[in-house]
Amino acid sequence: MMKTGILKSVTLCLIICGFSAIIKAQEKKASSSTGIGTVTSWDVTDPFYPKYHLAAPFGWMNDPHPVYFKGAYHLFYQFSYVRDNPYGRTGLLPGQRPMRNWGHIMSTDLVHWRHMPVVMKPETHGRANDPHIFSGCVVDNNGTGTAIYTIDNKQIYIANSKDNDLATFTKYPDNPVVNDVPTGLETVGQMRDPWVWKEGNSWYMIIGSGLAGGKGAVIPLYKSSDLIHWDYQHPFYRADSSKFNFPGDAGFCECPSFFRLGNKYVLILSDKATYLVGRYENYRFVPEYRNRLDYGKIYVPQFMMDGKGRKLMLGWIRDGRNNQSWVKAGWAGSQTLPRVLTMSPDGSLNYEPAEELKALRSDQKSFSDIRISGSEFKILDNIKGMQFEISATFEPGKAKNFGMEFLDGESTAKLVYDVATKTLQFNDISAPLDLKGGNLNLRVFIDGETIEVYANKKVCITNAIQPSTPEGFRIKLFSADGQAVVRKIDIWKMGTIWGN
Ligand code: FRU
């Protein structure tokens, strides 16, 4: 009995030591390629790895922290490279640490991107008990890049970069710059994800939090003259419990962001990718209208303003796979295409992918005046693959519903507009969209398992649907109960954003 026990322990120890050695080797590989030099890849051979959506070179990506700085576009992001556990939360093997680092990807043209070394790791921040550097933002402080971010779910830290390309950051030695949740505000005792902007000579910072007793989101406002000394002001926004069931007012607000657009102001709450349009009075946000930036699998939409004055959004695409498939694939999570946000006259937002992305198009195929009657399908033959852009104008005619299907032999994804209910449905996701007697203009971006849909510039649905084979999808057009006409459809192959 005892012998078996000892044997079992030895075997277990060998397995654990073996695992630890493998993990150490992997971490070494990861840290040598992320700490110095350029991150390349970590054997990600998964055919569904995105080619023109931003993703980590390997491992886990979540929230974006984009910034336009000295003429270049930067995406800092939540990055975890524990390979056997990309999500990095549960089921860690001995030797593994569930770390959130700040990864970094940059571009000078918004089309081609390159991976940069990881800029911040928990162990370089003197907080061995907190294995994370959580979300935040980067601002341009008179030519110095300052990152403002979360430690331990409530403290705010800063780090500065003197580099033109923001390649390295040095933490401020007297961190934290905010030590705890504000007194006098009844929060759940946590706050995180600072968003900072400048007005006149002062800096303002909002931080995501929640009211005690499950009363909904609250966002405290702080003020500073130097990004170091911060004074709590008052709640910038708080959920109204009498109107509590609005999307975006969930118990805790993560990653809020705020900016002016036209003559209105926009506040973003991550939950359901909700945006509020409203007024900004006495340093408080007063909501007037709310809707969703995306009805699909987007969480944490964040923004940068570029040299052309555009408000560009990136948002974390939470893909539909589970931990096991992430481990197998070697990567998890990606970002939406850079979306340009504009204010429409009715006070809602319009979105379009940045113009620059047209540079990735090739092999255009165009068709016009395709009449689709009844439940008849038109298959666009010989068009099959995993990286496409489709631009299509549907005239509803007498059809009760119409749209596109993406077929891969086994399963199908269906994007359908329903005339009676005025909804755009993409598998199990639906979004309200009133065509107001006009056409449905779709732009659809397929990239591996990501399908990002823009409808009439008003509605976005991002879905993650993995085709059953790497051959990808074939495209069909359909209408039901009456004829619809596809006035024009253009399809392009899309190239890669990596490696220029
Ligand atoms: C949102 C979030 C943030 C946190 C970060 C950790 O997705 O939970 O609140 O700072 O992710 O990665």
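In each ligand, atom 1 is the first atom listed, and ligand 1 is the first ligand listed. All residue numbers in this chain count up from 1 along the given sequence.
Judged by distance alone, the side chain of Tyr275 and the main-chain N or O of Leu349 form a donor-acceptor pair under 3.5 Å. With His74 contributing its side chain and Met106 its backbone, the two residues share no donor-acceptor pair below 3.5 Å. In this structure a side-chain-to-backbone donor-acceptor pair under 3.5 Å is missing from Gln155 to Tyr157. The backbone N or O of His229 sits less than 3.5 Å from a side-chain atom of Ser224, completing a donor-acceptor pair.
Distances below 4.0 Å separate heavy atoms of Asp193 from the following atoms of ligand 1: 3 (C), 4 (C), 9 (O), 10 (O). Of all the atoms in ligand 1, the ones that sit under 4.0 Å from a non-hydrogen atom of Ser135 are 4 (C), 5 (C), 10 (O). Close approach of ligand 1 to Arg100 is summarised as follows: ligand atoms under 4.0 Å from at least one heavy atom of the residue are 12 (O). Set against the non-hydrogen atoms of Trp316, the atoms of ligand 1 under 4.0 Å away are 7 (O). Close approach to Asn62 involves these atoms of ligand 1, each under 4.0 Å from a residue heavy atom: 5 (C), 6 (C), 7 (O), 11 (O), 12 (O). The ligand atoms of ligand 1 that sit less than 4.0 angstrom from a heavy atom of Tyr299 are 1 (C), 7 (O).
The side-chain tip of Arg284 does not point at the ring of Phe236 from less than 6.0 angstrom away and within 45° of straight on. For the pair Arg321 and Trp331, the distance from NZ or CZ to the six-membered ring centre is under 6.0 Å and the angle to the ring normal is within 45 degrees. Cation-pi check for Arg100 over Tyr149 is not met; the charged atom does not lie both under 6.0 angstrom from the ring centroid and within 45 degrees of its normal.
Every heavy atom of Thr150 sits 4.0 Å or more from the atoms of ligand 1.
When the heavy atoms of Val300, Asn101, Asp63 are ranked by distance to atom 5 (C) of ligand 1, first place goes to Asp63. By heavy-atom distance, the residue among Met61, Arg318, Gln78 lying nearest atom 12 (O) of ligand 1 is Gln78.
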